Engineer: 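The structure follows.
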Amino acid sequence: MSPSERLYFIADFNVETLARYMAHTTLPGARTDVAPFGPVLPALAAGPPGSDWSAVVWTRPETVSDAFRRALMFEEVAFDEALAEVRVHAAAIAQFAGRARSVFVPTWVLPPFERGRGMLDYRPGTGVAHLLARMNLALADGLRDQPSVFLLDASRWFASVGSRGWSQKLWYATKSHVTPAVIEQAAADIGAALDGVAGRARRIVLLDLDNLLWGGVVGEVGWTGLNLGGHDHVGEAFADFQHSLKVLASRGVQLALVSRNDEATALEAIDRHPEMRLRRQDFAGWRINWDDKAQNVVDLLAELNLGAESAVFVDDSAIERARVRAGVPGILVPDWPDDPARFREALGSLRCFDSPFLTAEDRTRTSMYAAERSRRCGLAASVNLDEWLQTLEIGVTVEALAGENLDRAAQLFNKTSQMNLATRRLSKLEIEAWAGWPENCLLTFRVRDRFGDSGLTGIVGLHFEGNEAHLADFLLSCRVMGRNIEETMLHVAVAHCRARQAATLLAEHRPGPRNRPCLEFFRRSGLRPAASNRFIWDASAPYACPRWVTVVDRAAVVTTVEP
Amino acid sequence: MEHTEALRIVYDTIDVMNRQLPAARRLLKSPDTVIVGADGLLDSLGIVNFVITLEEKVGEAVGATVQLLDDEMLVEGSPFQTVGALTDYIATRGA
């Protein structure tokens, strides 16, 4: 969690306890501010304290909708009247969101003691619960086109703490109905959402095998002796856990294996056991051997070009968990239950995977990593790197930023650490606004080769000022680093400078926590160093494109592609 | 209620409260820690949150609804003055 986070609270009840909890536990070091509680429309109209603030807008349905308040009092109300009030509320949030970094809106819930119309409570036109469900849907629909607004399901917070979530006594004493137990749930979800928006969501789960993905020790009982699936409640729990992991992979989270086992024996089980839900191709990589697990984790993450801050390590052994926790700073190692029946629940309770977007690249990330393994096998067999690169048949397609690639561009802006020149973390709205200025140009790079399509993996941002062009952004996914895509991006950047009559291209590396590889690339790029972190290219000459890379520049200002 | 059980409940409540407080103002788990009074670290919202959380935890322990939030309890000299006095009160009253 970043201490630079700024979080503003707008609520129609006393939300001070949540603000304190977030400032001192969830986001230690972050700045928080709370609007005076009451009707929220004036606070929404006033906007956040600054455009770099995120906000939580938490309301009660009876204050947003007078029709709903009257429905609670058993008055007949017109359904559309409540929905119209919700639309007004949504419009105010949407307007506010244009001035904030991101906005989180908890959904409306009824107190557990509010039985409404009893057995009629979900009857359309009669029930209060039905009306509230429609209001929540109307709110979601009203905010559908707001990329920086996220509805958070508050019903989960209350459900997870049972009867301890709602306190009328607290309401009478402090004008807050939400107990500390719910505050902790809300704070955890808001914190996870902020992490997701800032690109801090975890991207890979490193898994043990024995007694985690299956019951038993494969080295002792062989794959035929494993407890997995079938008509056995424990075996079913392991199979169900694997299924949950597969679902997680569909969200774009990678899976990998770190296991103390004989590799051939373990892989045979993965390939041949009929009840395995996860197969070899579902894993981005593995380290299956008898070496130290912490070192295996470090090596595997290096192979996959991922940092420890991107990873979660799951192991049934408390000793191995302690070893990795101590040996790999930054990795998340959750406590893990002993009972396999609780594995799925333990995985589901991890909030570290929440992401604000789901892109095509997310859905196919596993197959991309499998393709990368094939590439690396080819590299091992090749005499040298250039020879290997020539065999890849690399193609790069350049496109201007557009609606269809905005989600992925925002993801790259917020997740890319190593090959990132300026480490600007921008929201979708900020990216769109920046790219919309005529003096700016934002190019996206799609990379493919004979092993597969790596998708949108690179971004170049150019800012033109006088006869100079500034490389505002230069970022490339770690998935395709080291394949001459970096040089190809510079080639395209210089071509665009030349097309717009810029005499020089200036690049300034701004040090971040992990972007030294970018500085090292620029030092060997051929650009003239002007200072330890500044580089210049005289745009009277093109920057050579690697000859084994085919470039299609759909954003080109000129029609001829330079050699 | 056993005195040790009462003390555990008060300390658990302090844990909950400390998550709402800056590091420099967190309540110490000590019998001398002031809860209500001039030297107390909790403001009025904090005191109410403390008492309601305590009510809930004591209620869970004794299996009954417990009423501790009372204006007279929240003045100097009341059992809420210190952690030690509060623990004694819960233990002897059985809450």
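Below, chains carry the letters A, B, ... as their sequence lines are ordered, and counting in each starts from 1. Just so you know, these numbers come straight off a predicted model, no measurement behind them.
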Engineer: Can you tell me how far the CG atom of B:Asn49 sits from the CD1 atom of A:Ile183, to the nearest 0.5 Å?
Structural biologist: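 If we round to the nearest 0.5 Å, B:Asn49:CG and A:Ile183:CD1 are 8.0 Å apart.
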
Engineer: Of the non-hydrogen atoms in B:Arg19 and A:Thr25, which two are nearest, and what is the gap between them?
Structural biologist: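 Shortest heavy-atom contact: O-OG1, 2.7 Å.
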
Engineer: How about A:Arg351: does its CZ atom have over 12 heavy atoms from other parts shown lying under 6.0 Å from it?
Structural biologist: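 Yes.
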
Engineer: Between A:Met22, A:Arg20, A:Glu184, who has the most heavy-atom pairs with chain B when the cutoff is under 4.5 Å?
Structural biologist: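 Top count of heavy-atom pairs under 4.5 Å with chain B: A:Arg20.
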
Engineer: Would you give the length of the straight line joining atom CD of A:Glu16 to atom CG of B:Asp43, rounded to the nearest 0.5 angstrom?
Structural biologist: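 So the gap between those two atoms works out to 7.5 Å.
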
Engineer: Please determine whether the number of non-hydrogen atoms from other residues, nucleotides or ligands lying under 6.0 Å from atom CZ of A:Arg115 exceeds 12.
Structural biologist: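 Counting neighbours around CZ of A:Arg115, 12 or fewer heavy atoms of other residues, nucleotides or ligands fall under 6.0 Å, so no.
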
Engineer: Does A:Asp338 have more than 12 heavy atoms from other residues, nucleotides or ligands lying within 6.0 Å of its CG?
Structural biologist: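 Open: at most 12 neighbouring heavy atoms sit under 6.0 Å from CG of A:Asp338.
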
Engineer: With side-chain contact (heavy atoms from CB on, under 4.5 Å) as the criterion, how do A:Thr17 and B:Gln20 come out once you've worked through the C-alpha distance, each side chain's angles and the decisive distance to 0.1 Å?
Structural biologist: CA-CA 7 Å; A:Thr17 303; B:Gln20 301 168 24; 3.4 Å; yes

Engineer: CG/B:Asn18 to NE2/A:His24 distance, rounded to the nearest 0.5 angstrom?
Structural biologist: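 Atom-to-atom, B:Asn18:CG and A:His24:NE2 are 11.0 Å apart.
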
Engineer: Any chance CD of A:Gln168 has more than 12 other-residue heavy atoms, nucleotides or ligands included, within less than 6.0 Å?
Structural biologist: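 Above 12, so yes.
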
Engineer: Check each atom of B:Ile52 against the heavy atoms of chain A and say whether the ones under 4.5 Å are side chain, backbone, both or neither.
Structural biologist: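 When you check distances to chain A, only side chain atoms of B:Ile52 fall under 4.5 Å.
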
Engineer: Please round to the nearest 0.5 Å and tell me the distance separating atom NZ of B:Lys57 and atom CZ of A:Arg164.
Structural biologist: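 These two atoms lie 7.0 Å from each other.
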
